[in-house]
Structure formats: C-alpha cells, structure tokens
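Okay, structure first, notes after.
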Number of protein chains: 2
Amino acid sequence: MGDTLEESIRRHLAEKVDVRELSHLEQLETLSDPARSPKEWQLATAYLGLVPSDVDPELPGDTDWHPVDDLPALAFDHESIVPAGRERLRAKLSYTNLGFALAPAEFTISELRDLYAAALGHDVSATNLQRVLLRREVLEPTGRQRASGPTGGRPGSLFRFRTPELEITDQFAVLRPPGPARLPVS
Amino acid sequence: MGDTLEESIRRHLAEKVDVRELSHLEQLETLSDPARSPKEWQLATAYLGLVPSDVDPELPGDTDWHPVDDLPALAFDHESIVPAGRERLRAKLSYTNLGFALAPAEFTISELRDLYAAALGHDVSATNLQRVLLRREVLEPTGRQRASGPTGGRPGSLFRFRTPELEITDQFAVLRPPGPARLPVS
DNA sequence: TCAAAAGTGTTTATAATACACCCATGG
DNA sequence: CCATGGGTGTATTATAAACACTTTTGA
C-alpha cells in the first residue's frame, strides 16, 4: 500500500537479493486472465530483474537459482513469464547496452562473450562482439589487463561499459529519417 | 469483473470504435504511482490500439480524434501514455509487419508511404519502402491498379499485406546466431 | 507534348560476419 | 619452442539509402 509496483517488487526482492545488487529492473506485462489464480481474482505484473554475474547472493531456503532451460514446475501462469523475460533480454542485448546489467564492473571480451552466449542461447564470436560494442561506443578500455590463467595464454585487456544505464544504441535499423549522414565524431 | 484486461478494454472501446474495426491491440505498461489519481489509489494498464486509415467511426459527443503532436490537456498521468504508444508503433513499424494495422485492405505504395510518414514523423521514400517490404515478403501485389487521379500520372499498382497478424520480420538485426546463411526460399 | 505520378536500374554507404593471421604469456 | 588464449587486418556479404532515369497516365 502506498508503493509503486516497482518499489514493491524491489522491497520483496530485497529478501532474496540485496537491492544494491540489482543492476536492472523493467516491467514485462500485466497478466489478467480471471482464471489465472485458482482461489481469487488477481492481477499480476511481471518484471525482469538482472543481477551481475559476479554477485552470488545468499538465498533463503525456499529460493534457488535455476537454468532457464531447465526449470522446475511453476505455479499458475508463471510458466509463460520466464520465456517472456528471456525474450526481452535477448532482444534488448542486440539494440541496447543492456549487457552492463549482466557483467561485472570490469571484464575481458571473452568473459563478456560467455555472458552474451548464455543469455542469447547461441555461440557468440568474441571478435565480432568486440567490434560491434566498440564501434557503438558501448564499451571502453580500462587500460588494465587480466593476468594469464594457469595454462598460459595472452592476458586479456579489461573493458567496462561506458554507462550503467539503459541506452538504445541502434535506434533506426531501418526506415530511418532521410537527410545527410549524421556527423561522425571528429 | 470476470474479463481479462484486453476483453475489458475492447468492450469499453466498442462504444467508440466498432470492435471489428480494431486492427491491433497491445499492452503498453501498467502505471502504479500511488499519487497518479488524486482521489483513490488506482492502477492503470495502458494499451495501444490501431484502426485502419479507411475506417472513420462515428464517435460519441465526448470523444474526438486529435493529432498526436497537438493534444489537448490530458487528465492525470495520461500525458506520458500517448508518447509511449507512439514510440511503440514507431519501433515496431521498422522490424515487424505492423503496417497492416494502419493500412486498408489494398493500397498503393504511395498511400502506404503517407501512412508510414505520418506514424514515423518524418519523410519516407516510396522507392525504399517498397523495396524493404517486398524483400521481407511483407507485401504482395494484388495484380490490380488504382485509377489515375484527376491530374493524371501513372496509375499505381495495388498491394496488400501478406498476413494480417503481427510478425517479426527482422528478428536478428545484430548478434545473430552463427552458421551458414539460412536457406532462401527456393 | 507536357506535367504528374509511379516504378526500375544502379550506385553508394555502412554495418556486420567470416576467416586468416599475428601477438603475448606460461610451462 | 610450443600450446593456449587474445587480438588485429582484411575480405565478404547483406541491407538499405540515394539518385538518375524510364514508364504510364490525363490534359
């Protein structure tokens, strides 16, 4: 009572995940089938919340992480919510900087590649991922490097996301406004 | 009571617009600021509804059409809903076949161009619009032609949308799955 | 024969993928 | 000096925008 839906979900989530660790939260959809809950007539507004890969919150006993491709049985219409969230994440990864919400503060391209591959559900080329995100100025180098692993190999450069807030980076894929090309940064 | 939100909005809209004329309806967002309504605590779920350009429904006296760029003062937080709907339409026009919801059953490319231009808010080239929508197989020719106007000019061929339901036509703009190119229709 | 409107052919720009090759490190 | 992993250079491909030019009509 007296909260927005977002404040409410953040407060409820705080029992499971420290709110300061939530890197992104967005509304998905309000479900309204009168039969969705067997006992009473109830609306539910679903949200997608993301947490960076380097936080591993202590979870209460009734709560656990599950691979998105291998979920246990879910109550009511919750079955449809998870794919909706995943689809939203998948889509936004390709035209926004939303990767910031999955990655730690600093990371190598390979590490980021693995996060994208997990979220998208298919292989991602580190070469191309780097080029796309650098060209769009979503990433910037930190100058630092990660030490080599125990098996050797060239140490990877560390990058960070330029801004920790959602930005659209590929606004007009098609049917974009006419006129002379926008000035490149000079 | 007993309706989904969508059934409810369709029923309410039926007083203004014949439901059979609604070509598209999709949920936008649920607004939940406790102060959004001055009298009582109230949630609102906003929808985007579209009507083809060739229907001109009889409206009740308290209702009217307004240009989206020149709206009268709106109640409560309704000010933010209209831009959200417009933005959604703009975005989906570029990666889906949503144009079907704006256009009559048959139309020339020029007529369609005018609808896209109005919805997008900038000029659209009929040449390029035709190429994009034909390549994506969103449009198909009917074989018929529109008669010339009073000032002459070559008569335009008539087209229709291939499917009258929302389809994503440009799914993987970037970060698409690797592998050999998907087979063209052969 | 001219103006208006539609349509086609072709060039150009750009972005992304694919792939070959080079670099830096540990054992 | 070799295996391992990271990174760069470059070719290829795809898509869309831009623009010149041709076609079809009415007056």
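Throughout, a chain's letter reflects where its sequence line sits, starting with A, and its residues are numbered from 1. Just so it is clear, the values below take in all heavy atoms, side chains as well, and ignore hydrogens, waters and symmetry mates.
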Subject >> Phosphate OP1/OP2 of C:dG27: any A:Thr151 side-chain N/O under 4.0 Å >> reply: no
**OP:** Using atom CZ of A:Arg146 as one end and atom P of C:dT25 as the other, report the distance to the nearest whole Å.
**Re:** 15 Å
Original post:
What are the two closest non-hydrogen atoms of A:Ala101 and A:Ser23, and how far apart are they?
Top reply: O-OG, 2.6 Å
**OP:** Whole angstrom is fine here: how far is it from CZ in B:Arg144 over to C1' in C:dA6?
**Re:** 19 Å
Subject >> Partners passing side chain to side chain contact (heavy atoms under 4.5 Å, CB included) against A:Asp70 (at least two apart in sequence or in another chain) >> reply: A:Pro67
Subject >> Hydrophobic cluster partners of A:Leu74 (side-chain heavy atoms under 4.5 Å) >> reply: A:Val68, A:Leu71, A:Val82
Original post:
Where along residues 123-131 of chain A does a heavy atom come under 4.0 Å from DNA chain C, residue by residue in number order?
Top reply: A:Thr127, A:Asn128, A:Arg131
Original post:
For A:Arg86, what residues pass the side-chain hydrogen bond (donor to acceptor under 3.5 Å, both in side chains) criterion, not counting sequence neighbours?
Top reply: A:Asp69
Original post:
How long is the line joining CG of B:Leu134 and P of C:dA6, in whole Å?
Top reply: 15 Å
Subject >> Side-chain N or O of B:Ser110 closer than 4.0 Å to phosphate OP1/OP2 of C:dA6 >> reply: yes
Original post:
With sequence neighbours left out, which residue pairs that include part of residues 93-118 of chain A fulfil the ring-ring contact (aromatic ring centres under 6.0 Å, His included) condition?
Top reply: A:Phe107-A:Phe161
Original post:
Taking the nucleotide of DNA chain C with the closest heavy atom to each, which residue, B:Gly153 or B:Phe159, is nearer the 5' end?
Top reply: B:Gly153
**OP:** Would you indicate which nucleotide in D:dA16, C:dA6, D:dT25 comes nearest to any side-chain atom of B:Val132?
**Re:** D:dA16
Original post:
Whole Å only: how far is the CG atom of B:Asp170 from the C1' atom of C:dA16?
Top reply: 13 Å
Original post:
To the nearest Å, how far apart are B:Arg136 CZ and D:dA17 C1'?
Top reply: 13 Å
Original post:
Between B:Arg154 and A:Arg135, which is nearer to the 5' end of DNA chain C once each is assigned its nearest nucleotide?
Top reply: B:Arg154
Subject >> Side-chain ion pair, A:Arg10 and A:Glu7, N-O less than 4.0 Å >> reply: no
**OP:** Go through the structure and list residues passing side-chain hydrogen bond (donor to acceptor under 3.5 Å, both in side chains) with A:Asp77, not counting sequence neighbours.
**Re:** A:Arg36
Original post:
With a 4.0 Å cut-off on heavy atoms, is A:Arg113 in touch with a base, just the backbone sugar-phosphate, or nothing at all?
Top reply: nothing
